[in-house]
Amino acid sequence: MSIALVEKLFTVFNVTADILKDELSCTYLEGLAETGENLFHEKILQEELSELTERRLLKAYSEVNLEEFTKEQIRQAFQLAILKGMQENVQSNHQMTPDSVGMFIGYLVNKFVEKPAIRILDPAVGTGNLLATVLNQLDKSVESAGIDIDDILIRLAYVNANLLMHQVQLFNQDGLAPLFIDPVDVVVCDLPVGYYPNDVRAAEFEIHAKTGHTYAHHLFIEQSARHTKEGGFMFLVIPNGLFESEQSSHLHEYIKKNLIIQGIIQLPEAMFKNKQSAKSILILQRNGEGTTPPKSALLVDLPKMSDGPAMNRILADIDSWLIGNKK
């Protein structure tokens with residue numbers, strides 16, 4: 001992938017987002033969403049701009065043609081601009097899943113899900129970067145949906161999907177509220193970690209804590225299962241201590257009753273600030289007719305993804321495991 005092309009497109013996103021930020025008196029991320037819309041529609045949509053600002057924008061836009069870029073180049077350039085905006089206005093809910101994790105989840109979806117056409121859901125889609133990274137990896141016909149309560153994040157996800165020409169339905173709502181979407185074949189999600197403040201809504205879930213707040217990441221597992229077809233798969237980025245918390249007994253019971261643990265893939269600790277923030281990928285399958293537990297769950301400690309030979313050995317082991325469980 002040409003780094004120069006990614007930098008070129010990022011520069012256009014960055015310069016024009018800054019122009020719109022100043023002209024519209026908005027945040028950088030809001031300016032980025034506005035400029036992404038302009039690039040997608042190939043015209044300036046903001047009617048209140050000065051003539052000078054319009055000329056500056058048009059000059060910047062003339063330097064790129066989106067058709068000359070791959071989907072991955074567009075996604076990476078847009079992601080870099082989002083990361084810049086997040087650094088300027090840090091919020092706990094504004095975090096992005098690392099690219100390498102999204103790409104690996106895309107690889108897993110291709111390996112585990114053999115259907116040629118699928119529906120995929122991210123119930124905590126954020127800026128849409130994880131979903132977009134997965135969609136860019138898939139060799140299937142895909143319809144997808146994303147949910148997020150944050151209005152600026154969901155708008156960025158919308159712009160991202162348009163720029164990448166992905167077919168995505170997006171809903172600006174609490175991902176743990178009732179979702180009016182058709183059941184999906186696959187859920188991907190980097191689970192939001194922490195307590196869910198709405199105890200009344202949490203009580204509607206089997207996993208809810210009997211006293212105090214329930215963990216949101218537990219509730220998202222049940223919410224994901226509710227909207228997955230029988231036999232469908234869930235690829236969830238989880239905290240490593242998921243099954244060790246004081247509320248884990250409810251989670252164990254729910255999974256034992258409704259889901260099959262296909263595997264747990266521990267991500268390299270080097271990806272995270274410290275051991276306490278390290279995460280894994282949990283692969284679950286919803287119970288259904290014809291589904292059976294694997295002979296043994298897939299348990300993997302991923303090496304650094306930059307270590308090509310070690311990663312190749314791991315991928316070969318995953319292939320062998322899949323072949324062994326299909327016999």
Can you tell me how far apart [atom1] ([X]) and [atom2] ([Y]) are? Round to the nearest 0.5 Å.
X	Y	atom1	atom2	result
Asp174	Asn198	CG	CG	7.0 Å
Arg119	Asp182	CZ	CG	5.0 Å
Ser306	Met311	OG	CE	10.0 Å
Ser25	Leu20	OG	CG	11.5 Å
Ser141	Ile118	OG	CD1	9.0 Å
Leu108	Ile283	CG	CD1	5.0 Å

Check: residues 231-241 side-chain donor-acceptor pairs under 3.5 Å, at least two apart:
from	atom 1	to	atom 2	distance (Å)
Asn240	OD1	Ser280	N	3.2
Asn240	OD1	Ser280	OG	2.5

Going by the rule side chain to side chain contact (heavy atoms under 4.5 Å, CB included), which residues pair with Phe40 if we only count those two or more places apart in sequence or in a different chain?
Asn162, Leu163, Met165
Is there a donor-acceptor pair closer than 3.5 Å between any side-chain N or O of [X] and the backbone N or O of [Y]?
X	Y	result
His217	Gly194	yes
His41	Asn38	no
Gln247	His208	no
Trp321	Ala316	no
Thr291	Asn287	no

Audit row: Leu24, Leu49, side chain to side chain contact (heavy atoms under 4.5 Å, CB included) steps and yes/no
CA-CA 8 Å; Leu24 301 175; Leu49 302 182; 3.8 Å; yes
Just to verify, what does Phe272 make a ring-ring contact (aromatic ring centres under 6.0 Å, His included) with, not counting sequence neighbours?
none
side-chain hydrogen bond (donor to acceptor under 3.5 Å, both in side chains) filter on Gln167, not counting sequence neighbours, yields none
Partners of [X] by salt bridge (charged side-chain N to carboxylate O under 4.0 Å, His left out), sequence neighbours excluded?
X	value
Asp190	Lys279
Glu68	none
Glu63	Lys59

I need the full list of salt bridge (Lys or Arg N to Asp or Glu O under 4.0 Å) pairs touching [range], with sequence neighbours left out, sorted by first then second residue.
range	result
residues 18-31	Asp18-Lys84, Lys21-Glu88
residues 97-118	Arg75-Asp99, Lys111-Asp319, Glu114-Lys326, Lys115-Asp185
residues 211-228	Glu222-Arg226

Spell out, yes or no, whether [X] and [Y] are grouped together once hydrophobic residues are joined by side-chain heavy atoms under 4.5 Å, including indirect joins.
X	Y	result
Val15	Leu57	yes
Leu5	Ile74	yes
Val125	Ile147	no
Ile105	Leu282	no

Should we say atom CD of Glu42 is surrounded by more than 12 heavy atoms from elsewhere, each under 6.0 Å from it?
no
Residue pairs meeting side-chain hydrogen bond (donor to acceptor under 3.5 Å, both in side chains), one or both in residues 266-277, sequence neighbours left out, come to Asn274-Ser277
With heavy-atom distances below 4.5 Å as the criterion, would you say the side chains of [X] and [Y] are in contact?
X	Y	result
Tyr28	Asn14	yes
Ile82	Met86	yes
Val159	Leu156	no

Do you know which two heavy atoms are closest between [X] and [Y], and how far apart they sit?
X	Y	answer
Gln79	Thr97	NE2-O, 4.4 Å
Val168	Gly146	CG1-N, 4.3 Å
Thr214	Ala209	OG1-N, 2.8 Å

So, Ser248 versus Ser245: side-chain donor-acceptor pair below 3.5 Å or not?
no
For the residue pair Asn160 and His166, confirm or rule out a side-chain donor-acceptor distance under 3.5 Å.
no
Side-chain polar contacts of residues 252-263 - donor-acceptor pairs under 3.5 angstrom, sequence neighbours left out - could you list them?
from	atom 1	to	atom 2	distance (Å)
Lys257	NZ	Glu206	OE1	2.8
Asn258	ND2	Tyr254	O	3.0
Gln262	NE2	Gln285	OE1	2.8

How about Tyr195 and Tyr215: are their ring centres within less than 6.0 Å of each other?
yes
How about Phe104 and Tyr107: are their ring centroids closer than 6.0 Å?
yes
